[in-house]
2 protein chains.
Amino acid sequence: MTNKKKTTIKDIANVLNISPAAVSKALHDDSRISDKTKEAVREVAKELNYQPNHLASALRRGKSNLVGLIVPRTNSNFFSSVIQNIEEVLNKKGYNIIITQSNESFKKECSNIDTLLFTQVDGIIASMANETINLEYFEKIKSKGIPLILFDRGENNLNVDYIGINDYDSSHMIVEHLVKQGCKRIAHIGGYRHTRIFNNRIRGYIDAIKKHNLPLEEDLLVESSLTIEDGREKMKQLLALKKPPDAVYVAADYAALGALQVLEEENIKVPADIALVGFGNEPFTALVTPSITTVNQHSDEIGKQAALTFLERVKSPNKKQTLNKFILEAELIVRESSNKKR
Amino acid sequence: MTNKKKTTIKDIANVLNISPAAVSKALHDDSRISDKTKEAVREVAKELNYQPNHLASALRRGKSNLVGLIVPRTNSNFFSSVIQNIEEVLNKKGYNIIITQSNESFKKECSNIDTLLFTQVDGIIASMANETINLEYFEKIKSKGIPLILFDRGENNLNVDYIGINDYDSSHMIVEHLVKQGCKRIAHIGGYRHTRIFNNRIRGYIDAIKKHNLPLEEDLLVESSLTIEDGREKMKQLLALKKPPDAVYVAADYAALGALQVLEEENIKVPADIALVGFGNEPFTALVTPSITTVNQHSDEIGKQAALTFLERVKSPNKKQTLNKFILEAELIVRESSNKKR
DNA sequence: TATATTTGCTTAATCGTTTAAGCAAAATTA
DNA sequence: TAATTTTGCTTAAACGATTAAGCAAATATA
């Protein structure tokens, strides 16, 4: 029953006594093939359970219709939502997606890039690992002449299309909100400065603090790897200060969660004693007690836009034209952890 | 600088004045090629920045070295961890992975299967969508003659390799634990019975209840889609009973979280009034207050085993032999939501 | 009616690798 | 020294699809 040998266009051609070329054209609805033949070909194809060999056509046409994805991890709501939206747009256009994870490791990211190039993807959409400073491997993608699109974690000096949110403005939004809540010593647990988004958040924080004439102290601005564990560490560090803050803005939700744990353990009232704000709108921020104020990054829009940008690039690859930079405005979601008036 | 045309073995051959065949063999360390030639080939290959064309070799060899993955979603800790472990094992053996998500939709799952078959994957590792009842598409994979390995969400009548945990025993473990905590009316918010794992958990629950001579009432066993929202719904339903339970065992962590929210809203003390147990060890279970007792499914082991099973299948494809069924023992993680003695 | 165009195919080359088969030169054995 | 084996390559045919070029037959145009 189970045909071990796969059906090829040659098999169909043999049945109908026509050439393989005619079969190929019939299947692609070529205008130079008669309707009668097309009909017959489709029929036999179905009968023999013909499945086109993607490898063969990809080889011949010089494109694989595969798009590579590199994300730090898939088990974050943000990334999995971006992925889903990219998939939705690209699948409709006949592209399939290969998802790879870097686990925030530079080394893994490099090997992912090699893997994807090896698989002959038609383009790569990526969000960089935290560790990544050396851009050599991303240059490698560019030098292959296939489109590279970055989102969220990008790099200014790489000169490629980028989709992200306005991190600088988001920091302003957050500081403004905390000021309105009556906070006077606002700390920031930020990410690594070499990553564009975290740098922007830090710059936004600094400028906003200045704007509101609040104390801008070295001790109140700490750099973190933004894991849960490091969020705990850095919160403890802030609590140990002579003059601890009355509000903490953490640049990522997981780290904010770590900070919240420490505050609970120390019996510090949130938001009464210390207000807390995270970043990313991970589902758990709405679920913990107190729920955490955070920033929604519009992952769906980012995903769609990244996919559309890729499609545009493959359509007109020669346009060395202007780079696409989509900077979306983020949305502050105020929850219990920073809402004193209720 | 950027060579637009890609280097092929032909280019290498031309430089060295040997045949492309010799180059191919040299690159594969064929014993019939002299060390001198091999060395020269490797050198020129590096110089010209040669990258083998995967499509061509895959076409020729009849295998793509790609493995397809189908999971309900990637933003669950369980699945993302399984994926990571599969990746780790298979990458080492030269395989790359194409991850696809079904979003628990039968239709999406079918299109994922088509996609993967079209991409000429060498095998498929999958966890079925909740919705899936019709197995036609999975039969399609089998009939292609490529290995199909299921994990977690499997099906008994599909007759393929399977890796999962002992759900039946896990239910026993949970009920036993709750009994020890002094609970006397234990409810179960379970998944759909047609899914093997949920059915096993239900069977385990029933048998364990019987074993301990506890009331086995229709109202205490409810079927759920196991989303957060449905967890809320079903919890409300249980609270509305004339005789509500004093313990609830929910078959998935997200639904357990929904249940916990309702209990908090109703000011019901957990675990004092009602004890709560989830399933899956999602990270948030340790982070919410009270933290949720749950079951660790050994996602790393499952991933590794799934990958190894695939490798074994491709090594000896003809062995129609015994099916591989790996049933791992799960681990109960007792947390605040069910721990009355502290 | 003669010529030009369109229709509906076929032929053959190609994409880049792999590999079975073959063949001369070198090395080994008898 | 002659016969055999081994070494180190080459030649050519695949893998399955696509596509430029070509060519009869049918149809349209002058």
Side-chain angles (χ1 to χ4, degrees), chain A residues 3-42 44-45 48-66 94 117-122 144-145, chain B residues 3-42 44-45 48-66 94 117-122 144-145:
Chain A
N3 268 20
K4 213 71 214 181
K5 270 280 142 276
K6 284 182 188 160
T7 329
T8 71
I9 49 169
K10 225 173 163 180
D11 299 325
I12 302 178
N14 283 340
V15 171
L16 295 170
N17 257 322
I18 57 176
S19 71
V23 174
S24 172
K25 284 177 184 162
L27 290 170
H28 286 92
D29 210 28
D30 191 298
S31 63
R32 300 286 287 273
I33 300 291
S34 71
D35 289 348
K36 208 180 102 194
T37 306
K38 282 181 190 169
E39 190 53 44
V41 166
R42 275 192 281 261
V44 176
L48 299 184
N49 191 25
Y50 169 73
Q51 297 267 129
N53 186 321
H54 172 248
L55 296 173
S57 80
L59 174 60
R60 179 59 230 256
R61 290 178 340 199
K63 59 180 304 221
S64 64
N65 272 47
L66 292 173
L117 292 178
F118 173 73
T119 319
Q120 314 286 128
V121 294
D122 291 343
K144 287 277 165 197
Chain B
N3 268 21
K4 211 74 215 178
K5 270 278 140 280
K6 284 181 188 161
T7 327
T8 70
I9 49 169
K10 227 173 162 180
D11 299 325
I12 302 178
N14 284 339
V15 171
L16 295 171
N17 259 322
I18 55 176
S19 71
V23 174
S24 172
K25 284 176 184 160
L27 290 171
H28 287 93
D29 210 27
D30 191 299
S31 63
R32 298 287 287 273
I33 300 291
S34 72
D35 288 348
K36 209 179 100 193
T37 306
K38 281 180 189 169
E39 191 53 43
V41 165
R42 275 192 280 260
V44 175
L48 298 184
N49 191 24
Y50 168 73
Q51 297 267 129
N53 186 322
H54 172 248
L55 295 172
S57 80
L59 172 61
R60 179 58 230 257
R61 292 178 338 201
K63 60 180 305 222
S64 65
N65 272 47
L66 291 172
L117 292 178
F118 173 72
T119 319
Q120 316 285 127
V121 294
D122 291 343
K144 287 277 164 196

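Labels below follow one simple rule: chain letters A, B, ... track the order of the sequence lines, proteins then strands, and each chain is numbered from 1.
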With B for base contact, S for sugar-phosphate-only contact and - for none (protein heavy atoms under 4.0 Å), nucleotides 8-14 of chain D reads BBBBBBB

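Taking atom NZ of K10(B) as the reference point, atom P of dC15(C) lies 6 Å away to the nearest angstrom. Note: CD1 (I9(A)) to P (dA12(C)) measures 16 Å, nearest angstrom. Rounded to whole Å, atom C1' of dT14(C) lies 19 Å from atom NZ of K63(A). Distance NE2 (H28(B)) to P (dT17(C)): 10 Å, rounded to an integer number of Å. Put simply, CG on N65(A) is 14 Å from C1' on dA17(D), counting in whole angstrom units. Counting to the nearest Å, the P atom of dA17(D) and the CG atom of L27(A) are 9 Å from each other. In this structure, D30(A) places its CG atom 14 Å from C1' of dA17(D), rounding to the nearest Å. Distance L55(B) CG to dG16(C) P: 10 Å, rounded to the nearest Å.
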Return a table of donor-acceptor pairs under 3.5 angstrom between the side chains of residues 18-25 of chain A and protein atoms on other chains or two or more places apart.
from	atom 1	to	atom 2	distance (Å)
S19(A)	OG	A22(A)	N	3.2

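For the side chain to side chain contact (heavy atoms under 4.5 Å, CB included) test, residues two or more places apart in sequence or in another chain that qualify with V44(B) are I12(B), V15(B), L16(B), L48(B). Legend: residues meeting side-chain hydrogen bond (donor to acceptor under 3.5 Å, both in side chains) with T119(A), ordered by chain and number and at least two apart, are absent. Qualifying side-chain hydrogen bond (donor to acceptor under 3.5 Å, both in side chains) partners for D122(B), counting only residues two or more places apart in sequence or in other chains: S64(B).
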Next item on the list: Show the numbers, then the answer: is there a side-chain contact (heavy atoms from CB on, under 4.5 Å) between N53(A) and K6(A)?
Entry: CA-CA 9 Å; N53(A) 186 321; K6(A) 284 182 188 160; over 6 Å; no

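Residue contacts for S24(B): at a heavy-atom cut-off of 4.0 Å it reaches a base atom on one of the strands shown. Counting any heavy atom pair closer than 4.0 Å across all strands shown, H54(A) reaches no nucleic acid atom. T8(A) comes within 4.0 angstrom of the backbone, heavy atoms only, and of no base.
Evaluation of the salt bridge (charged side-chain N to carboxylate O under 4.0 Å, His left out) test over residues 30-42 of chain B, restricted to residues two or more places apart or in two chains, returns D29(B)-K38(B).
Minimum heavy-atom separation, T7(B) to Y50(B): O-CD1, 3.4 Å.
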